[in-house]
Each structure stands twice: as structure tokens, then as C-alpha cells.
Amino acid sequence: MRFFQALVAASAFMTLGSSAAIGDKKLAARDTPFADLGLPQSFWNTLSSYCPPGISQKRDPNSLEAREQKEPTGYTGVKPGNELGQSNVYKFGGLWTNNLVTCIGVAIIGDVDTSKDMLANDKFLAHFFATAESLDSQWPKLQALIDTAGATNLKAWYSAPDTSQLLPGLNAAYMQQVEDKMVSLLKTLTGQDPTPRHHVMADARAETGQIGVMQINAADRSVTIDGNNVPFGSPEP
């Protein structure tokens with residue numbers, strides 16, 4: 001009888017331990033690294049006010065604005081506040097996003113074991129919308145895409161606002177904290193420093209040339225930012 005009671009007690013302890021472990025994982029998934037920066041809501045409101053609706057909004061497909069914002073032929077557009085992965089079998093087109101004004105664009109490329117999943121995603125592009133809530137909700141979704149693909153040997157690039165040329169009402173110090181947090185997360189995820197580029201917000205807002213555009217090219221798995229090819233690890237001009 002005592003032996004049976006001991007088994008029951010041990011079983012209860014193990015169940016509790018397992019539940020606690022699962023709970024810890026759920027809590028980790030609900031981490032809020034950007035909200036935890038403690039930046040004032042007024043800052044986030046101003047920051048997000050400069051984010052154009054871009055390709056996330058319904059537009060008249062015949063309008064000049066809609067035509068100018070259409071992704072290049074063969075590319076899949078990533079809407080503001082979204083993240084997408086693309087299969088390694090794609091050798092034409094790629095992933096593309098625009099309107100990175102006060103938003104941050106992130107590109108990640110990794111290696112996948114096609115013997116386990118021949119269609120596994122090896123390219124990932126995210127357009128992080130400029131609010132703490134969106135940043136915090138998007139980050140675990142991006143991680144989940146990469147985890148599901150089983151991608152390894154990850155390399156990351158990002159395009160962030162150039163705080164040396166501010167739009168009215170923005171706070172450079174606060175924006176730097178947001179960028180630093182993104183860099184920290186990317187470094188933890190990939191195990192190495194991401195390759196940075198910075199876009200001029202006024203030019204991105206005015207859609208000057210390719211400023212505020214970021215894409216991954218499937219043919220050679222290269223990354224293009226603001227119209228320029230950006231080799232991994234290359235210094236910022």
C-alpha cells in the first residue's frame with residue numbers, strides 16, 4: 001500500500017513538473033521584449049503614424065499608387081505587420097516588401113535538410129510594423145516559421161530607419177533602443193551579428209527610387225535593400 005502511495009505521489013510530482021515546463025514555454029512565447037523597453041505610448045503613436053498602409057490595404061488596382069506598389073514579377077509581397085517563408089525549390093522571383101519608413105525589415109536565409117522535407121522554407125522576410133504590440137506579436141511568428149522549417153546556419157539582414165535624418169516628432173534615442181533590441185534578438189536567433197542597412201525615412205515615405213524596399217532573390221538567395229545588393233557581413237557604406 002505504501003509503495004502504491006509513493007508511486008502516486010511520484011506520478012503527481014512528475015505531472016506537475018511537466019505542466020510547469022509547458023507553462024514556462026507558453027510564457028516564453030508571450031514575452032514582450034519591445035513593450036518591456038518601457039518607451040512612452042506617445043512615442044509609438046508618432047512612430048506608427050508615419051507608416052503608410054502600403055500593400056496591406058485594399059486599393060483601386062487601376063490607381064497609379066497601386067501600380068507603383070506592386071511587387072516585381074515572380075515575387076511574393078510581404079505586407080506590413082507580416083512575415084513569410086519561401087520554399088527552397090523556388091529559383092525565380094523571391095520575397096519582397098516596401099514602405100519601410102519607420103518600420104523595420106528583416107531578411108533571414110538558412111540551410112534546410114531537403115531529405116526530410118523537400119519543400120522546406122529556407123528564406124524568410126518580415127515587415128515589422130512600428131508598434132510595440134506588432135513587434136512583440138510578430139517576433140515569435142517569425143521564429144516559428146524558421147523552427148518549422150528546421151533551418152540552420154542562419155544569416156540575418158535588417159533595414160532600419162536612419163535616425164540621423166528624423167521626421168518631425170520622432171525621438172532618435174528611443175528609435176535606437178528599438179533597433180538595438182531587434183539586433184539583440186537577431187543575434188540570439190542566428191548566433192552572429194546581422195548585416196545592417198538604414199533607410200532615409202523621408203525618401204521611403206515619398207517612395208523615392210527603391211528606398212524603403214527590401215527583397216530576397218530566390219535565384220541566388222541574395223538580399224537587396226534600397227535597390228542595392230547587400231552581401232552578408234558587408235559594412236554599411
Side-chain angles (χ1 to χ4, degrees), residues 34 51-57 69-112 117 119-131 134-161 178-179 181-183 185-190 192-199 204 207 210-234:
F34 292 94
C51 294
I55 57 177
S56 66
Q57 298 296 315
Q69 293 184 335
K70 184 174 176 59
E71 57 271 15
T73 301
Y75 284 77
T76 300
V78 179
K79 300 177 181 180
N82 283 267
E83 57 292 317
L84 288 178
Q86 187 174 67
S87 172
N88 70 92
V89 301
Y90 278 83
K91 302 303 178 186
F92 174 73
L95 297 170
W96 177 93
T97 194
N98 72 334
N99 284 325
L100 292 170
V101 182
T102 51
C103 299
I104 297 176
V106 169
I108 296 178
I109 294 175
D111 297 329
V112 292
D117 181 359
L119 300 178
N121 293 334
D122 66 342
K123 300 173 289 293
F124 310 88
L125 186 64
H127 185 137
F128 283 91
F129 194 73
T131 68
S134 183
L135 286 158
D136 283 334
S137 67
Q138 273 188 264
W139 181 256
K141 294 176 184 176
L142 176 60
Q143 286 189 110
L145 281 177
I146 296 170
D147 290 343
T148 299
T152 59
N153 301 321
L154 301 174
K155 299 177 181 178
W157 293 252
Y158 74 90
S159 178
V178 175
E179 179 180 343
K181 177 57 65 176
M182 180 62 74
V183 169
L185 291 171
L186 289 171
K187 188 171 183 178
T188 299
L189 177 66
T190 66
Q192 54 188 328
D193 291 327
T195 299
R197 290 296 185 268
H198 294 83
H199 52 264
E207 297 186 76
Q210 295 293 305
I211 305 302
V213 175
M214 189 174 195
Q215 67 190 54
I216 301 177
N217 308 298
D220 58 1
R221 304 204 314 165
S222 63
V223 173
T224 303
I225 302 175
D226 296 342
N228 298 306
N229 181 55
V230 181
F232 180 73
S234 60

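Heavy-atom basis, side chains included; hydrogens, waters and symmetry copies ignored. Bear in mind that the values here come from a model prediction, so they are computed numbers and not experimental data.
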Engineer: State which residues pass side chain to side chain contact (heavy atoms under 4.5 Å, CB included) with P196; sequence neighbours excluded, sorted by chain then number.
Structural biologist: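 Per chain and number, P196 pairs via side chain to side chain contact (heavy atoms under 4.5 Å, CB included) with Y158, H198, E236.
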Engineer: Please enumerate all residues that pass side chain to side chain contact (heavy atoms under 4.5 Å, CB included) together with S87, with sequence neighbours excluded.
Structural biologist: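 Scan of S87 (side chain to side chain contact (heavy atoms under 4.5 Å, CB included), adjacent residues dropped) gives V89, Y90, L119, N121.
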Engineer: Any side-chain heavy atom of M214 within less than 4.5 Å of one from V78?
Structural biologist: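 With C-beta onward as the side chain, the pair stays apart.
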Engineer: Can you tell me how far CG of L142 sits from CG of L84, rounded to the nearest 0.5 angstrom?
Structural biologist: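 One finds 10.5 Å between CG of L84 and CG of L142.
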Engineer: Quick check: does any side chain N or O of D136 sit under 3.5 Å from a backbone N or O of S134, one acting as donor and the other as acceptor?
Structural biologist: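 No; zero donor-acceptor contacts below 3.5 Å.
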Engineer: So do Q192 and K155 actually touch side chain to side chain, heavy atoms under 4.5 Å?
Structural biologist: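 Yes, close enough: below the 4.5 Å cut-off.
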Engineer: Working to the nearest 0.5 angstrom, can you tell me the gap between I211 CD1 and N228 CG?
Structural biologist: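 Between atom CD1 of I211 and atom CG of N228 there are 7.5 Å.
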Engineer: Got a second to check how far F128's CZ is from S137's OG, nearest 0.5 Å?
Structural biologist: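 So the gap between those two atoms works out to 9.0 Å.
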Engineer: Between L186 and A156, what is the shortest heavy-atom contact and its length?
Structural biologist: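 Closest approach of L186 to A156: CD2-CB, 4.1 Å.
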Engineer: Quick check for you: to the nearest 0.5 Å, what is the distance between D117 atom CG and N88 atom CG?
Structural biologist: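 Separation between the atoms: 8.0 Å.
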Engineer: Go through the steps to decide whether K181 and L185 satisfy the test side-chain contact (heavy atoms from CB on, under 4.5 Å), and finish with yes or no.
Structural biologist: CA-CA 6 Å; K181 177 57 65 176; L185 291 171; 4.3 Å; yes
Engineer: Please find the pair of heavy atoms, one from F129 and one from C51, that lie closest to each other, and give the distance.
Structural biologist: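 In terms of heavy atoms, the two residues are closest at CE1-CB, 3.4 Å.
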Engineer: With sequence neighbours excluded, tell me which residues meet side-chain hydrogen bond (donor to acceptor under 3.5 Å, both in side chains) with T224.
Structural biologist: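 Once residues adjacent in sequence are excluded, the partners of T224 under the side-chain hydrogen bond (donor to acceptor under 3.5 Å, both in side chains) criterion are N217.
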Engineer: My understanding is that only residues two or more places apart in sequence, or in another chain, count here; which of them pass ring pair (Phe, Tyr, Trp, His ring centres under 6.0 Å) with W139?
Structural biologist: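 If we apply the ring pair (Phe, Tyr, Trp, His ring centres under 6.0 Å) test to W139, skipping adjacent residues, there are no hits.
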Engineer: Please name all residues satisfying side-chain hydrogen bond (donor to acceptor under 3.5 Å, both in side chains) with D220, sequence neighbours left out, ordered by chain then number.
Structural biologist: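 Counting only residues at least two positions away or on another chain, D220 forms a side-chain hydrogen bond (donor to acceptor under 3.5 Å, both in side chains) with S222.
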Engineer: Search all heavy atoms of M182 against all heavy atoms of L135 and return the closest pair with its distance.
Structural biologist: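 Closest approach of M182 to L135: CE-CD2, 4.1 Å.
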Engineer: Tell me the side chain to side chain donor-acceptor pair (under 3.5 Å) pairs involving residues 140-151, sequence neighbours left out?
Structural biologist: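 Output for this query is empty, none listed.
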Engineer: Kindly indicate, with the supporting measurements, whether the criterion side-chain contact (heavy atoms from CB on, under 4.5 Å) is fulfilled by N98 and E207.
Structural biologist: CA-CA 9 Å; N98 72 334; E207 297 186 76; 4.3 Å; yes
Engineer: Report the residues that fulfil side-chain hydrogen bond (donor to acceptor under 3.5 Å, both in side chains) with K187, sequence neighbours left out, ordered by chain and then residue number.
Structural biologist: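 In terms of side-chain hydrogen bond (donor to acceptor under 3.5 Å, both in side chains), with neighbours along the sequence ignored, K187 is linked to D193.
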Engineer: With no hydrogens and no angle check, is any side-chain donor or acceptor of Q138 less than 3.5 Å from a backbone partner on H127?
Structural biologist: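 A pair under 3.5 Å: yes.
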Engineer: Under the rule for side-chain hydrogen bond (donor to acceptor under 3.5 Å, both in side chains), what residues qualify as partners of Q210, not counting sequence neighbours?
Structural biologist: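 Applying side-chain hydrogen bond (donor to acceptor under 3.5 Å, both in side chains) to Q210 gives none.
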Engineer: Measure across A130 and C103 and return the closest heavy-atom pair with its distance rounded to 0.1 Å.
Structural biologist: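 That closest heavy-atom pairing would be N-SG, 3.8 Å.
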Engineer: Looking only at heavy atoms, which two atoms of S159 and H199 are closest? And how far apart?
Structural biologist: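 Nearest heavy atoms, S159 then H199: OG-ND1, 2.8 Å.
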Engineer: Which residues pass the salt bridge (Lys or Arg N to Asp or Glu O under 4.0 Å) test with R221, sequence neighbours left out?
Structural biologist: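 D111, D122.
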Engineer: Sequence neighbours excluded, which residues qualify as side chain to side chain contact (heavy atoms under 4.5 Å, CB included) partners of L145?
Structural biologist: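 L145 satisfies side chain to side chain contact (heavy atoms under 4.5 Å, CB included) with E83, F124 once adjacent residues are dropped.
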Engineer: If you compare all heavy atoms of N229 against all heavy atoms of V223, which two are closest, and at what distance to 0.1 Å?
Structural biologist: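 Here N229 and V223 meet closest at OD1-O, 3.5 Å.
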Engineer: Evaluate T76 against L95 for side-chain contact (heavy atoms from CB on, under 4.5 Å), listing each step before the verdict.
Structural biologist: CA-CA 5 Å; T76 300; L95 297 170; 4.0 Å; yes
Engineer: Taking the side chain from D226 and the backbone from G212, do they hold a donor-acceptor pair closer than 3.5 Å?
Structural biologist: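 Between the backbone of G212 and the side chain of D226 there is a qualifying donor-acceptor contact (under 3.5 Å).
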Engineer: Checking T195 now: which residues fulfil side chain to side chain contact (heavy atoms under 4.5 Å, CB included) with it, not counting sequence neighbours?
Structural biologist: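 T195 satisfies side chain to side chain contact (heavy atoms under 4.5 Å, CB included) with W157, R197, V230, F232, S234 only.
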Engineer: side-chain contact (heavy atoms from CB on, under 4.5 Å) for L100 and I225? Distances and angles first, verdict last.
Structural biologist: CA-CA 10 Å; L100 292 170; I225 302 175; over 6 Å; no
